[in-house]
Amino acid sequence: MIVVGGVTRLTDSGLSIVEWQPIVGTMPPITQQDWDVLLEKYRATPQYQQVNKGMSVDEFKSIFWWEYFHRVLGRLIGLVFFVPFVYFLVKKQIDRPLGIKLAGIFVLGGLQGFMGWYMVMSGLVNDPHVSQYRLTAHLGLAFVIFAAMFWVALGLLSPHREYSPANEKLQGLRRFSFSLSSLIFIMVLSGGFVAGIRAGLAYNTFPLMNGHVIPPDLFILEPWYRNFFDNITTVQFDHRLIAWILAFSVPIFWLKSRTVELQGTTHLACNLFLLMLAVQISLGIATLLHAVPIPLGASHQGGAVLLFAASLWVSHRLR
């Protein structure tokens with residue numbers, strides 16, 4: 001779902017459906033008249049008038065289907081989640097604590113649908129681009145939902161914890177792992193701003209930014225704090241900086257994990273965490289150097305999910 005959302009963004013498909021119809025909107029266009037009606041509605045949007053003027057029906061279909069699939073996939077996920085949840089709840093096979101967690105996840109899913117439409121609305125008036133703030137909120141909430149589902153799943157898969165003797169090294173490693181998971185989430189949010197203002201299309205060099213370690217245009221906007229959200233240079237620099245911090249911090253964490261006696265699959269989780277970081281950084285560099293082609297951009301977003309999942313697994317194992 002997150003990767004499809006990334007492709008929808010990369011193909012500029014997110015503004016192709018100009019209405020939010022949770023029930024009726026599930027039915028796809030079938031006849032030529034259906035397509036003509038949809039295209040006519042799209043022609044009234046700023047994106048058509050300023051970016052895609054003269055777009056044919058066939059060209060419109062190429063962007064429509066990504067947004068349509070993204071929306072339908074969200075509704076399908078909600079349905080697949082809700083029906084078994086109610087069934088097992090009625091059968092009393094879900095205890096109260098788990099029921100509250102699952103109900104909370106479902107509510108977050110509904111909120112995410114609203115957040116998606118709230119994001120799209122920002123691109124249907126005046127500026128034919130969605131707000132980077134709303135895009136980042138939409139992306140961040142998607143990762144929160146994923147984290148909640150993954151964490152609950154880990155608890156169900158490992159209901160009986162294996163306890164290690166309490167020691168200072170283990171407690172320090174646990175705090176370190178939670179800090180890294182938090183930092184990865186912050187990097188995801190910074191990636192949302194990179195996507196929101198298309199900062200990946202600038203400074204397509206590595207490791208320097210067009211020959212600079214610290215580019216000169218970091219604080220050209222006023223007031224100064226706008227640069228962290230609206231300045232292409234600063235937004236990309238921040239994303240790179242967090243990646244550099246992780247590039248040094250995760251190997252240090254991995255080395256520390258080798259000095260602590262860990263139970264079960266915890267060592268495997270630490271190894272996978274380090275490996276996934278290497279994969280994600282490689283994808284990030286390749287995506288930047290090639291100016292964000294769709295396959296690499298989507299892979300980089302998928303890699304962020306897997307890296308976040310690896311960090312959560314480590315954090316869960318170290319509880």
Side-chain angles (χ1 to χ4, degrees), residues 2-3 6 136 139-140 142-144 146-151 153-154 157-158 162 164 167-195 199-200 203 205-209 213-214 228 235-289 296-319:
I2 292 175
V3 172
T136 302
L139 177 65
F143 272 78
V144 168
F146 172 80
M149 291 191 299
F150 191 61
W151 195 265
L154 289 173
L157 292 171
S158 303
E162 299 161 350
S164 298
N167 62 72
E168 189 174 336
K169 280 189 175 182
L170 183 60
Q171 292 174 0
L173 196 64
R174 184 184 301 119
R175 289 192 294 269
F176 198 175
S177 72
F178 277 100
S179 297
L180 290 173
S181 295
S182 300
L183 185 59
I184 290 170
F185 181 69
I186 293 172
M187 187 173 73
V188 167
L189 297 181
S190 77
F193 282 103
V194 170
Y203 299 99
T205 60
F206 187 85
L208 301 179
M209 295 179 67
V213 175
I214 300 178
F228 294 100
V235 167
Q236 190 188 123
F237 178 80
D238 291 344
H239 196 59
R240 289 190 185 217
L241 180 60
I242 297 173
W244 277 113
I245 293 173
L246 288 170
F248 286 99
S249 299
V250 174
I252 291 172
F253 171 83
W254 182 82
L255 289 173
K256 285 181 176 292
S257 74
R258 312 306 293 178
T259 67
V260 180
E261 183 179 350
L262 300 175
Q263 303 294 326
T265 58
T266 311
H267 270 307
L268 174 62
C270 292
N271 293 339
L272 183 62
F273 186 22
L274 180 64
L275 176 62
M276 197 57 236
L277 176 74
V279 171
Q280 177 64 349
I281 288 178
S282 299
L283 283 171
I285 294 172
T287 301
L288 180 70
L289 294 179
L296 280 176
S299 298
H300 187 48
Q301 186 151 327
V305 178
L306 294 178
L307 177 61
F308 191 45
S311 75
L312 291 174
W313 188 24
V314 171
S315 295
H316 192 276
R317 290 296 308 170
L318 290 173
R319 289 173 63 225

Chi angles and distances behind the side chain to side chain contact (heavy atoms under 4.5 Å, CB included) call for F253, L274: CA-CA 9 Å; F253 171 83; L274 180 64; over 6 Å; no
After noting the C-alpha distance and the side-chain angles of R240 and F206, does the key distance pass the side chain to side chain contact (heavy atoms under 4.5 Å, CB included) rule? CA-CA 10 Å; R240 289 190 185 217; F206 187 85; 3.9 Å; yes
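Relative ring orientation between W151 and F178 is described as tilted, the plane-to-plane angle lying within the 30° to 60° band. F146 and F308 have tilted rings, their planes meeting at an angle from 30° to 60° on a 0 to 90° scale.
Within 6.0 Å of CG in L157 there are more than 12 heavy atoms belonging to other residues, nucleotides or ligands.
For the pair L208 and Y203, the minimum side-chain heavy-atom distance is 4.5 Å or more. In this structure the side chain of V235 never reaches within 4.5 angstrom of the side chain of H239, judged on heavy atoms. A 4.5 Å side-chain heavy-atom check between W313 and F150 finds at least one atom pair inside the cut-off. Counting only heavy atoms from C-beta outward, the side chains of L262 and L318 approach each other to under 4.5 Å.
Distance check: T259 OG1 to K169 NZ gives 4.0 Å after rounding to the nearest 0.5 Å. Separation of atoms CD (Q280) and CG (L275) is listed at 12.0 Å; rounding is to 0.5 Å. To the nearest 0.5 Å, atom OG of residue S311 and atom CG of residue L277 are 10.5 Å apart. One distance of note links OG of S249 with NZ of K256; it measures 11.0 Å at 0.5 Å rounding. For the atom pair CG (D238) and OG (S190), the distance works out to 7.0 Å, reported to the nearest 0.5 Å. The OG1 atom of T266 sits 11.0 Å away from atom CD of E261, with the distance rounded to the nearest 0.5 Å.
When all heavy atoms of R317 and S158 are compared, the pair lying nearest together is NH1-OG, 4.1 Å. When all heavy atoms are compared, the tightest approach of V188 to A304 is CG2-CB, 4.4 Å. Considering every non-hydrogen atom in both T287 and L296, the closest pair reads OG1-O, 3.3 Å. The minimum heavy-atom distance between Q301 and I2, with the atom names listed, is NE2-O, 3.0 Å. When all heavy atoms are compared, the tightest approach of C270 to W254 is O-CD1, 3.6 Å. Contact detail for L312 and S181: the closest heavy-atom pair is N-OG, 4.0 Å.
The backbone N or O of L268 lies less than 3.5 Å from no partner atom in the side chain of T265, so there is not a single donor-acceptor pair.
When only modelled atom types and interatomic distance are considered, R175 and Q171 share no side-chain donor-acceptor pair under 3.5 Å.
When each of I252, L173, V314 is checked for a side chain to side chain contact (heavy atoms under 4.5 Å, CB included) with S257, only L173 meets the rule.
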